[in-house]
Amino acid sequence: RNGEQRFWAEFAASVVRIAASDGAFDVTLETRGIRCASDWVGLDDAPARVSGAANRVELARTAGPAAVSEWYSNGPLGLEQGFTLSRSPCVKTEPELSIEIGIQGGATVASTDGKAVVVAGAGLGTPNLRIQDLYVHDAAGRMLPARFEASGDRLAIRVGVLGAVWPVQVDPLVVTPEAKLLTGGA
């Protein structure tokens with residue numbers, strides 16, 4: 001549960017379900033695989049190994065030759081979602097890869113500007129979740145270029161990996177939009 005953001009999260013072997021405490025939305029995110037240019041590298045067929053401690057849950061899998069750790073850390077700013085790729089899953093050297101995530105549960109991408117993705121629940125018309133603050137770096141601490149691309153029921157995190165020192169960490173934040181502003185006099 002995340003009281004600050006008013007939602008809870010539930011984890012299974014291949015998905016994370018995020019739902020509003022008041023029932024306003026119920027969204028499931030499923031990491032489907034990694035795209036290397038035109039090549040698709042799916043996640044292994046075996047269920048993820050799920051582990052957790054305190055406010056962090058980790059789903060460990062593989063994509064081609066790479067170990068992929070998908071992790072979630074719950075905090076007052078939101079649910080931090082992250083991916084750590086031990087090495088490139090791409091067969092040949094590619095300048096960019098894309099982590100592909102499916103959005104389920106009657107929710108769709110309402111908009112994206114490359115820096116943030118707004119997800120709205122079916123029939124609600126108002127944003128319910130915002131995925132933002134994309135931070136990507138390699139093992140040398142070098143920031144890597146990254147952006148969101150999304151449409152319908154699909155979200156892609158595109159990462160420039162040319163010259164990256166592996167492992168690479170991809171780190172967006174999932175939050176609920178604040179519906180009102182409070183001032184000192186109100």
If Ile, Leu, Val, Met, Phe, Trp and Tyr residues are connected whenever their side-chain heavy atoms lie under 4.5 Å apart, and connections chain through other members, are W40 and V159 in the same group?
no
To the nearest 0.5 Å, what is the distance between CD1 (I157) and CD1 (I34)?
10.0 Å
State yes or no: do L97 and V165 share one hydrophobic cluster built from I, L, V, M, F, W and Y residues joined by side-chain heavy-atom distances below 4.5 Å, directly or via other members?
no
Quick one: does any side-chain atom of T62 pair with a main-chain N or O of G64 as donor and acceptor, under 3.5 Å?
no
W166 vs S88 side-chain heavy atoms within contact, under 4.5 Å
yes
Does the pair V168 and F83 meet the rule for a side-chain contact (heavy atoms from CB on, under 4.5 Å), with working shown?
CA-CA 8 Å; V168 166; F83 300 89; over 6 Å; no
Heavy-atom side-chain contact between Q132 and K115 under 4.5 Å:
no
All side chain to side chain contact (heavy atoms under 4.5 Å, CB included) counterparts of D133, not counting sequence neighbours
L173
Would you say V41 and L155 are hydrophobically clustered, going by side-chain heavy atoms of ILVMFWY under 4.5 Å?
no
For the residue pair V91 and C36, establish whether any side-chain heavy-atom pair is separated by less than 4.5 Å.
no
Close side-chain approach of D171 and V136, heavy atoms under 4.5 Å
no
Salt-bridge present (R147, E96; N to O < 4.0 Å)
yes
Under 3.5 Å, is there a donor-acceptor pair between the side chain of D138 and the main chain of A164?
no
Find out whether Y72 and L59 are in side-chain contact, i.e. whether some heavy atom of one side chain is under 4.5 Å from a heavy atom of the other.
yes
Any chance you could measure R158, atom CZ, to L134, atom CG, to the nearest 0.5 Å?
12.5 Å
Does R56 use its side chain to pair, donor to acceptor, with the backbone of S51 at less than 3.5 Å?
no
Start with the C-alpha gap between R32 and E100, add the side-chain angles, then the distance that decides, and say whether salt bridge (charged side-chain N to carboxylate O under 4.0 Å, His left out) holds.
CA-CA 6 Å; R32 295 184 175 157; E100 306 279 332; over 6 Å; no
Side-chain heavy-atom pair F148, D113 within 4.5 angstrom cut-off
no
So which heavy atom on R49 is nearest to which on R61, and how close?
NH2-N, 4.5 Å
According to a 4.5 Å side-chain heavy-atom criterion applied to Ile, Leu, Val, Met, Phe, Trp and Tyr, with indirect links allowed, do Y135 and L144 form part of one hydrophobic cluster?
no
Between T28 and E30, is a side-chain hydrogen bond (donor to acceptor under 3.5 Å, both in side chains) present by the stated rule, with each step listed?
CA-CA 7 Å; T28 300; E30 177 185 17; over 6 Å; no
Are L85 and V161 packed together at the side-chain level, in the sense that at least one heavy-atom pair is separated by less than 4.5 angstrom?
no
T84 side chain to W71 side chain, donor-acceptor N/O pair below 3.5 angstrom
yes
Heavy-atom side-chain contact between V16 and E10 under 4.5 Å
no
So if you build clusters from Ile, Leu, Val, Met, Phe, Trp, Tyr with side-chain heavy-atom gaps below 4.5 Å, do V15 and I99 land together?
no
